[in-house]
There are 2 protein chains.
Amino acid sequence: MHQASGHNHRRCIAAALHSADRLCAGSGTRMTALRRKVLAYVWRGHDAVKAYDILARLGGDAHLAKPPTVYRTLQFLRAQGLVHRLESLNAFVGCPQPGKPHEGQFLICSRCGLVREIHEPAIADAVAEGATAAGFRVERQMVEVQGLCAKCR
Amino acid sequence: MHQASGHNHRRCIAAALHSADRLCAGSGTRMTALRRKVLAYVWRGHDAVKAYDILARLGGDAHLAKPPTVYRTLQFLRAQGLVHRLESLNAFVGCPQPGKPHEGQFLICSRCGLVREIHEPAIADAVAEGATAAGFRVERQMVEVQGLCAKCR
DNA sequence: GTCAGCAATGTTATAATATAGCGAGAGTTC
DNA sequence: GAACTCTCGCTATATTATAACATTGCTGAC
Ligand SMILES: [Zn+2]
Ligand SMILES: [Zn+2]
Ligand SMILES: [Zn+2]
Ligand SMILES: [Zn+2]
């Protein structure tokens, strides 16, 4: 787990859970205990989480959860915009600014695992322009950058 | 398989195999029959190929290939720059301009499967700038766009 | 030529990631 | 409380990928 030092991470978790309540209330969906538990675990740090790690965690509670439980829950959280999937890692990360649909870009530290989500219009615009120039109509952008974070350089 | 109409696809395959010969000769590696066969199959069209489809194809030749054979061969081809991996599809596609290391961007048609590789410095630059602004040192960029190609729009 | 060395491929087993399909339970509505 | 629907459990299976070791076969020194 990556725990960025110099900040009170409990606030990150609390903020994520609060956003979840707000979003679910707004969309008529339910923020159940299971979903809350999974979201909290995704937010255990600022790195990406594997589905089977969540599974093991839930299983540890003596419930012995099965894969569909985790994947369904993750799908729900993604649909609410609370969690993103990192395609290059087959892993999941909490969205720090859920609520508004966005084209995020992800910076992934290959040393400590930190995942930082940024929203640079310049990137999204450049991608959109490049695709349009090639005759493509963009539905979804996936931008993931592997590298070293400020602390690990 | 996606076969873009209006072009002689045999030339695409021949060009890929020729590039492979040239690159291997230049790097002191061997373009073996197996590698040639896999590369030719990756180039059976302009869409992405799954590892286990390659496996089935090789197995069809009565050799019954095993997964490591395919993954090792793909790894070799990727190392030579002849093939790219599409992270969002868990699939592979031939590089139309191998030989020079490049930060490619991939446009993936969600209807017909066509994969088009572009090289827009504007995209790579925007990503590099965004990452640098966030304190990251970039090692590898992954840009994949899902959408509709010109024919499918 | 032949033999040592190394690159390539074969083989077995297993790990890691993900979904289909159906049924039971719980909250909501009327 | 009966009907409805969303949620969750559960079994099974599909898909993607790697570890570890054995064997084959090319290549270059001699
Ligand atoms: Zn935090
Ligand atoms: Zn986000
Ligand atoms: Zn072609
Ligand atoms: Zn390329």
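Quick caveat, the model's predicted, so the values are computed rather than measured. The sequence lines fix the lettering, A, B, ..., with proteins before strands; numbering per chain opens at 1.
- Across all strands shown, B/R72 has heavy atoms under 4.0 Å from base atoms, whether or not it also approaches the sugar-phosphate.
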Only pairs under 3.5 Å count here: list side-chain donor-acceptor contacts from residues 136-143 of chain B, not counting sequence neighbours, and write none if there are none.
{"from": "B/E139", "atom 1": "OE1", "to": "A/S110", "atom 2": "OG", "distance (Å)": "2.9"}
{"from": "B/R140", "atom 1": "NH2", "to": "B/E87", "atom 2": "OE2", "distance (Å)": "3.3"}
{"from": "B/Q141", "atom 1": "NE2", "to": "B/A124", "atom 2": "O", "distance (Å)": "3.0"}

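- One interatomic measurement links the two molecules: CZ of A/F92 to C1' of C/dT17, which rounds to 9 Å at whole-angstrom precision.
- Between B/R36 atom CZ and C/dA8 atom P there is a gap of 15 Å when expressed in whole angstrom units.
- In this structure, B/F92 CZ and B/Y41 OH are separated by 13.5 Å, a value rounded to the nearest 0.5 Å.
- Taking atom CG on B/L58 and atom P on C/dT9, their separation rounds to 11 Å, with Å as the unit.
- OP1 or OP2 of C/dT17 lies within a sub-4.0 Å distance of a side-chain N or O belonging to A/K50.
- The distance from atom CZ of A/R35 to atom C1' of D/dT7 is 6 Å, rounded to the nearest whole Å.
- Here the C1' atom of nucleotide D/dC6 and the CD atom of A/Q75 are 14 Å apart, to the nearest Å.
- Contact annotation: A/T32 reaches the phosphate of D/dC8 (side-chain N/O to OP1 or OP2, under 4.0 Å).
- Between the CG atom of A/N90 and the P atom of D/dT18 there is a distance of 10 Å, given to the nearest Å.
- Distance alone, capped at 3.5 Å, places no donor-acceptor pair between the A/T69 side chain and the A/A65 backbone.
- In terms of phosphate contacts, B/R85 brings a side-chain nitrogen or oxygen within less than 4.0 Å of OP1 or OP2 of D/dA17.
- In this structure, B/Y71 places its OH atom 12 Å from C1' of C/dA15, rounding to the nearest Å.
- In this model, a donor atom of one side chain and an acceptor atom of the other lie less than 3.5 Å apart for B/H84 and B/E117.
- One finds a side-chain N or O of A/T69 lying less than 4.0 angstrom from the OP1 or OP2 phosphate oxygen of D/dG9.
- Looking at which nucleotide of DNA chain D each of B/P67 and A/F76 is closest to, the 5′-most match is held by A/F76.
- Under the 4.5 Å side-chain criterion, counting only non-hydrogen atoms from C-beta, B/Y52 is in contact with B/P67.
- Contact of B/Y52 with D/dA17 (side chain to base): a donor-acceptor pair of N or O atoms is detected under 3.5 Å.
- No hydrogens or angles were tested; on distance alone, nothing pairs the side chain of B/R30 with the base of D/dG25 as donor and acceptor under 3.5 Å.
- The interatomic distance linking B/L34 (CG) with D/dG25 (P) rounds to 14 Å, in whole Å.
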